[in-house]
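Every chain is numbered from 1 and lettered A, B, ... according to where its sequence line falls, protein lines coming before strand lines.
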There are 2 protein chains.
Amino acid sequence: MGLVVQKYGGSSVADAAAIKRVAQRIVATKKEGHEVVVVVSAMGDTTDELLDLAEQVSPVPSARELDMLLTAGERMSMALLAMAIGDLGHEARSFTGSQAGVITDSAHGRARIIDVTPGRIRQALDGGAIAIVAGFQGVSQDSKDITTLGRGGSDTTAVALGAALDADVCEIYTDVDGIFTADPRIVSAARRMPHITYEEMLEMAACGAKILHLRCVEYARRYRIPIHVRSSFSTLTGTWVSDPINGSEQADMEQPIISGVAHDRSEAKITVVGVPDKVGEAATIFSSVAAADVNIDMIVQNVSAVDTNRTDISFTLPATDGRKGMEALTAIQSAVGFESLRYDDGIGKVSLIGAGMRSHPGVSAKFFSSLADAGVNIEMISTSEIRISVVVRGDDVDTAVSAIHRAFDLDASQVEAVVYGGTGR
Amino acid sequence: MGLVVQKYGGSSVADAAAIKRVAQRIVATKKEGHEVVVVVSAMGDTTDELLDLAEQVSPVPSARELDMLLTAGERMSMALLAMAIGDLGHEARSFTGSQAGVITDSAHGRARIIDVTPGRIRQALDGGAIAIVAGFQGVSQDSKDITTLGRGGSDTTAVALGAALDADVCEIYTDVDGIFTADPRIVSAARRMPHITYEEMLEMAACGAKILHLRCVEYARRYRIPIHVRSSFSTLTGTWVSDPINGSEQADMEQPIISGVAHDRSEAKITVVGVPDKVGEAATIFSSVAAADVNIDMIVQNVSAVDTNRTDISFTLPATDGRKGMEALTAIQSAVGFESLRYDDGIGKVSLIGAGMRSHPGVSAKFFSSLADAGVNIEMISTSEIRISVVVRGDDVDTAVSAIHRAFDLDASQVEAVVYGGTGR
């Protein structure tokens, strides 16, 4: 007996048959005696189709109106899902983000949740109904306009509602069985992780693992909502994302040192060539990029050449922001006095993540020697307490992922017996 | 300078090209110096497609959820229209029925407007923006659930908003040039009426003229909002619906005696055969039909046969309600003791409408002799002060409409010079 939030993505509700299947799954959860809140995305390709329509009407559509348009997607899927559940003899009531009390700021297209006031959801649950909530959307606090949360928004909706309703678990349904030690399309020996900590999951998400979005994990960690990532096509246990198991003392004993290998081909690298080596030049460069609303990931600054007193600064950024970044830098070229810009979108990032590496020396050494043995050249390096990332040539990504996965015995080190035994279901 | 409400139906916003064309028309109105509020229906076949999806998911979908689903339709068209206007350099803000303050009762699928509180629309207009409002939808006063207004709902939204905002005119855009003296597909000599009174339009709508829905005209009459029915494909003046022109004294002098001929093939006739001729039997019959939520149109009760002391009662109803009506009557057959039921959906209704017939005797005589000359058999008759309706065989409808149109010289009697010269545009 508990409160379960379930989130179904677009592929889980792609058509009428899929919606009916999901409805049965929801009803089964309800029959186990749980209160059930369901967060649903738009059906299949709906969002892309709506974006396409917008493009036909206007090359640069108003952000407010684009949000109004896109939110029609979840409206359809949630109403259809509620109907399908009603057909199985259970009451379901659908709610828009606004009706569910998802209050956001006014940043259309990438709004952040400020507050969740799920009074109507609580009321529906108290009345014995299943609540279906539109993912990805909210209403702005100031102007009461409809907003969308941006990429991964539905996951964030689910966790935020889970936090506001004090849910026992937030189940994220997807089309794979959980989170893997590496992308199975690259490493056939990759295995499902039974458990991963919030911290590790944050690093995984930041390093390109697509299953959970960074914001959703951040939210879950802040409010200590356990997430269960699982397949909507099976009833298998998936991957639990939560605090370290059995308290921090024993965690290192039972958890694998390394969680997994993530990779990301969506970034590009900009190199600012010939920057005069004066105080404040780097600050000027990165301020201008930040002002263009571009997130910078990794930075490398070379040692200045003695003869010219000039240096090169390289950084990575999402390739989709590449043009914005280049324009912002071009605008300050004469002011800063750098020589030229180089743009390179043929890169890839490969990361090794594991909370256990804190207490195990030698991880870095093994990491770099595995890449050297595989003949992979490293262009940039960045590390955190529980992560090592390198930028390599895009063509080398698969080789690098496989080499690291093998070096850390990830298929063998998998401790399948460690399953989450918390209070949730 | 005034406030103009424009309503565009689904065929006017069927695709991106149509939406862009409508956007230009709206901007042109704005440029004339008017405040503009636009009410828009769902694009083309969207509503039918959504209904089809609902049917795939559930044979008897929840009415609340069906409304949630269908309202996605206007959400898309209104956001796209606002984008297209934005692209022309004018600010447009879209609003759902709920945001526009369209407050209704809780009858999902056929909600009635209780109140309109267009504070956000007024605010948008005051800010110089064009307001785009979703037609057909509102929010229930009690439960704050999303509702739809049923057939003709977008027209009603437009007039209701017009009333709440004290609009100078409510322009209803459609795919024909206005309201005609008869259906041009039947009578090639049919002509556009430059003006028709609310009263006459109410009778026309009730008698099957499809262009304006009864509820919309009722609303317009109550709040004295002039309606201008016109084509979205031309800039021609269409048909004005308003109070009698130039005051009631002169109205009869300037207005044609007869406005037009309407027909309706959407009704069916039920005959209750062999009803015992006792007090209260008719009441029992019609109460049972009313309890099944079926609207009865015309009623004929024959004189009882002397030998059996039994009579037949016939009535017409929308053919779509035929099954409900038959089931309701079958349920009371033994209690009432009638012999049998006959169902006939091969009928049609033909009506002559004109405020002028009040003061012109001889209209009925000419009406019936024209039908007799054309060899059309009459099955039922009903009249009001400004209307004569008959039920005939469905196959005779075209013949009857043509004969009446000709008999009253409708193509010749047309006074094109009488155009509305009110304060609206």
Does any N or O in the side chain of B:Lys20 come within less than 3.5 Å of the main-chain N or O of A:Gln56, such that one atom is a donor and the other an acceptor?
yes
Check: B:Met68 main-chain N/O paired with A:Arg75 side-chain donor or acceptor under 3.5 Å
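Present.
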Report which part of [X] has an atom under 4.5 Å of a heavy atom belonging to chain B: side chain, backbone, both, or neither.
X        : answer
A:Arg120 : side chain
A:Thr71  : both
A:Leu66  : both
A:Asp145 : both
A:Ala17  : neither

Using every non-hydrogen atom in the two residues, find where [X] and [Y] come nearest and quote the distance to one decimal.
X       : Y       : answer
B:Ala79 : A:Glu65 : CB-O, 3.3 Å
B:Met83 : A:Ala54 : SD-CB, 3.7 Å
B:Val57 : A:Asp87 : O-OD2, 4.1 Å

In this structure, are over 12 heavy atoms from other groups packed under 6.0 Å from B:Arg110 atom CZ?
no
What's the separation between atom [atom1] in [X] and atom [atom2] in [Y], rounded to the nearest 0.5 Å?
X        : Y       : atom1 : atom2 : answer
B:Met78  : A:Leu69 : CE    : CG    : 9.5 Å
A:Ser98  : B:Gln99 : OG    : CD    : 7.5 Å
B:Glu55  : A:Leu80 : CD    : CG    : 12.0 Å
B:Ile146 : A:Phe95 : CD1   : CZ    : 11.0 Å
B:Ser58  : A:Ile19 : OG    : CD1   : 11.5 Å

Pick from B:Ala16, B:Ala23, B:Ala92, B:Ser94: which one has the most heavy-atom pairs with chain A under 4.5 Å?
B:Ser94
Would you mind reporting whether B:Ser62 and A:Glu91 have side-chain heavy atoms less than 4.5 Å apart?
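A side-chain contact is absent here, since even the closest heavy-atom pair is not under 4.5 Å.
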Heavy-atom pair count under 4.5 Å with chain B, highest-scoring of A:Gly86, A:Pro59, A:Ser77:
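Of the candidates given, the most pairs with chain B belong to A:Pro59.
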